[in-house]
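In what follows, a single structure is set out as structure tokens and then discussed.
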Amino acid sequence: MEIQGLTVAYGGLVALRDVSITVGEGQFVTVVGPNGAGKSTLFKTISGSVPARGGDIRFFGESLLTMPVARRAHLGIAHVPEGRQVFKSLTVRENLEMGAYTEAGRKNWEASLKRIHMLFPILEERALQLAGTLSGGEQQMVAIGRGLASAPRLLMLDEPSMGLAPAITDLIFERISQIHREDGVTILLVEQRVAEALELSDHGYVLETGSVVMDGSYRTLMQDDRVRRAYLGIGEE
Amino acid sequence: MIDTTVLIENVLNALAAGITIGCIYGLMCVGLGLIFGIMKVVNFAQGELLMLGMYVVVYLFSVWGLLAFLGPYYGPFVAALAAGPVLFVGGSLLHKFLISRVSGLRTSGSLDEGHFGQLIITLGVSLILQNGGLIVFGSTPVGVRTPLSSRAWEFIPSEAWDVSVFFNKARTISAGVAIVVAILLYVLLEYTRLGKSLRAAADNPTAASYMGIDVEKAHRTAFGIGAGITAIAGGLIATYLSFTPFVGVDFVIIMYSGVVLGGMGSIMGAFWGGLTVGFVQQFSALVLPPQLQNAAIFVVFLMILLLRPQGLFGRSAERA
Ligand SMILES: Nc1ncnc2c1ncn2[C@@H]1O[C@H](COP(=O)(O)OP(=O)(O)OP(=O)(O)O)[C@@H](O)[C@H]1O
Ligand SMILES: [Mg+2]
């Protein structure tokens, strides 16, 4: 997927300015940045719930910006939104079935379900429970499982660690890494847990007030003084 | 002293009428339950959708006589079922051009979730349909003539007593049709891909669009189905009751009571809610003058909600 010169605004407020990001097939790319930088906006523009003002997003050669929202999931884009957004009044199993709403998802349903249950066994135990009654961590697992159920070509995860205890966060990160390594799914991740996220990824972007201020591999970014000071809390006083 | 036999007979007949009328009310409530309980759209024009369903039966069967060839026994019930697709189309159009502007993705996340807009728009639609109905259909009460509405099955519980219970034929058949239609809708919503996608689109429109669900279309379809279901119930009522274009006003109260009573968000609950209202109405007829019957519905309504604020069959999907 290539994003070129993307500009997005809410009324007069410019949330993204001339952003260019490339995610190669099979890659693990992370976007970090402070609150309000425009990370969620970036995801929403890719999945289509927010319109772009300028620039272009190409997914396997096809331009996304003119495509209706509901079509984009069918291309293989799975958006696991910030704050989980599970279907609260549907059961865990029904949530996963909705993930498999796309044709690819339906074709691979049996295999995906097995895989999801392998990654998150609790979802099999709780299959008939209403998703709204699950704990935050379990809801995050449903949200990720729901994304996986679509058999995606690109899995976008917006702050999966939000509001979770460290132990659960570690588990979630481990599973995301597994999905990338073992299933070969292309991953685009937004995270506040910068060190852990960057460690998993092939490439990282730093987004600040709507613009990409830096990008590079894990090593390049970790060696950069500004990144160390701003996001990792290490460096000279 | 009231004669006990007469009392028993009256109670049993109220029970019979309560069950049959209650099932028809149940179906009517299921239609609103889908629109209000599940889609969370406030629709004050639901009574008028019911009214239109009733007139569809009158026109298909009596005025134009398109279905008259089916005879006075089957004809009216087939016409009532036909009111479903007619109002499905009508409801979908109403949603497409008006309701969708104040509901769904457009208002999801806004402060009132579009409820103020829905209230005003549907009240307006309700007035337009009532008065438009007056112009088109006239103010003379009409009804569908089926010989069944003046016949009854007699049921004698015990040879020992001199008690007989009457099941009005038109109402009993209507109740049967209502149960079947309600079950079909339940199966559609609970177990089919389409039904689940409609519930998902209602639950979280934004997330549903990420799944590849066409949320606008899902909402339109759900609204159309809700309109069609209530219209079928109206068509069934038309087989035993005569009515004018203002008939919706009485029924919209019953529908909202039933849906809230049964518990928002549950189709089964809406049906039981409607059934409860039917019972209360028929039993109150034993002791209260007709003017007070709707008041009795509300007294029971308030009492039940005092004891069970989530409704009889409501379940909470949120963590406590
Ligand atoms: N619907 C909206 N209407 C107006 N402004 C918005 C809207 N959504 C986001 N914004 C603004 O756009 C900017 C970027 O928001 P965004 O949610 O993309 O940030 P973020 O990087 O995801 O932040 P966080 O880390 O807190 O999730 C913020 O200044 C925000 O106030
Ligand atoms: Mg965000």
Side-chain angles (χ1 to χ4, degrees), chain A residues 40 43-44 46-50 67-106 109 129-136 138-139 142-143 146-147 149-152 155-156 158, chain B residues 33-34 36-40 100 104-110 113 187-222 263-270 310-311 313-320:
Chain A
S40 299
F43 276 21
K44 288 177 187 166
I46 297 170
S47 59
S49 58
V50 167
M67 194 172 286
V69 190
R71 280 281 313 135
R72 301 190 194 187
H74 296 276
L75 291 181
I77 298 176
H79 181 170
V80 179
E82 187 175 348
R84 322 184 230 287
Q85 309 284 339
V86 297
F87 300 117
K88 291 185 169 146
S89 62
L90 271 60
T91 63
V92 169
R93 177 63 52 81
E94 286 170 341
N95 266 272
L96 299 180
E97 284 173 24
M98 286 301 103
Y101 190 79
T102 60
E103 199 181 320
R106 251 179 302 163
W109 169 243
Q129 190 173 333
L130 294 185
T133 62
L134 296 172
S135 77
E138 291 159 352
Q139 289 193 16
V142 171
R146 192 177 61 177
S150 67
L155 182 63
M156 306 196 293
D158 194 345
Chain B
L34 181 55
F36 179 58
I38 295 184
M39 310 303 294
K40 301 282 183 309
S100 68
L105 275 175
R106 245 183 255 218
T107 54
S108 97
S110 74
E113 298 283 336
V187 170
L188 172 85
L189 285 178
E190 268 326 284
Y191 301 112
T192 68
R193 201 170 95 93
L194 171 69
K196 288 174 197 174
S197 73
L198 296 183
R199 284 189 287 132
D203 182 298
N204 190 327
T206 313
S209 71
Y210 295 156
M211 305 297 116
I213 296 169
D214 185 339
V215 174
E216 282 281 336
K217 193 170 147 199
H219 282 216
R220 189 161 66 238
T221 308
M264 298 275 291
S266 152
I267 285 296
M268 201 99 97
Q310 72 273 46
F313 298 87
R315 47 181 191 176
S316 178
E318 299 273 355
R319 282 166 70 78

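Chain A is the first sequence line, chain B the second, and so forth, proteins listed ahead of strands; every chain is numbered from 1.
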B:Tyr210 and A:Ala73 have their tightest heavy-atom pair at O-CB, 3.3 Å

So for atom CE, which belongs to A:Met67, do other residues, nucleotides or ligands contribute more than 12 heavy atoms lying within a distance under 6.0 Å?
yes

Between B:Ile213 and A:Ala70 the two heavy atoms that sit nearest each other are O-CB, 3.7 Å

Correct closest heavy-atom pair for B:Ser197 and A:Tyr101 would be CB-CE1, 3.6 Å

One should read off an interatomic distance between A:Asn95 CG and B:Asp203 CG, to the nearest 0.5 angstrom, of 7.5 Å

When the 4.5 angstrom heavy-atom criterion is applied to A:Val86 and chain B, the contacting part is backbone

When rounded to the nearest 0.5 Å, the distance separating CD of A:Glu94 from CD of B:Glu190 is 6.0 Å

The side chain to side chain contact (heavy atoms under 4.5 Å, CB included) partners of B:Leu105 (sequence neighbours excluded) come to B:Pro205, B:Thr206, B:Val215

Nearest heavy-atom approach of B:Asn204 to A:Gln85 is ND2-OE1, 2.9 Å

What one should report as the nearest heavy-atom pair of B:Lys196 and A:Met98 is CB-CE, 3.4 Å

When the 4.5 angstrom heavy-atom criterion is applied to B:Ala208 and chain A, the contacting part is both

Those residues at least two apart in sequence (or on a different chain) that pass side chain to side chain contact (heavy atoms under 4.5 Å, CB included) with B:Glu216 are B:Ser100, B:Asp214

Counting heavy-atom pairs under 4.5 Å with chain B, the top scorer among A:His79, A:Arg72, A:Lys44, A:Arg71 is A:His79

Got more than 12 heavy atoms from elsewhere within 6.0 Å of NZ, B:Lys40? yes

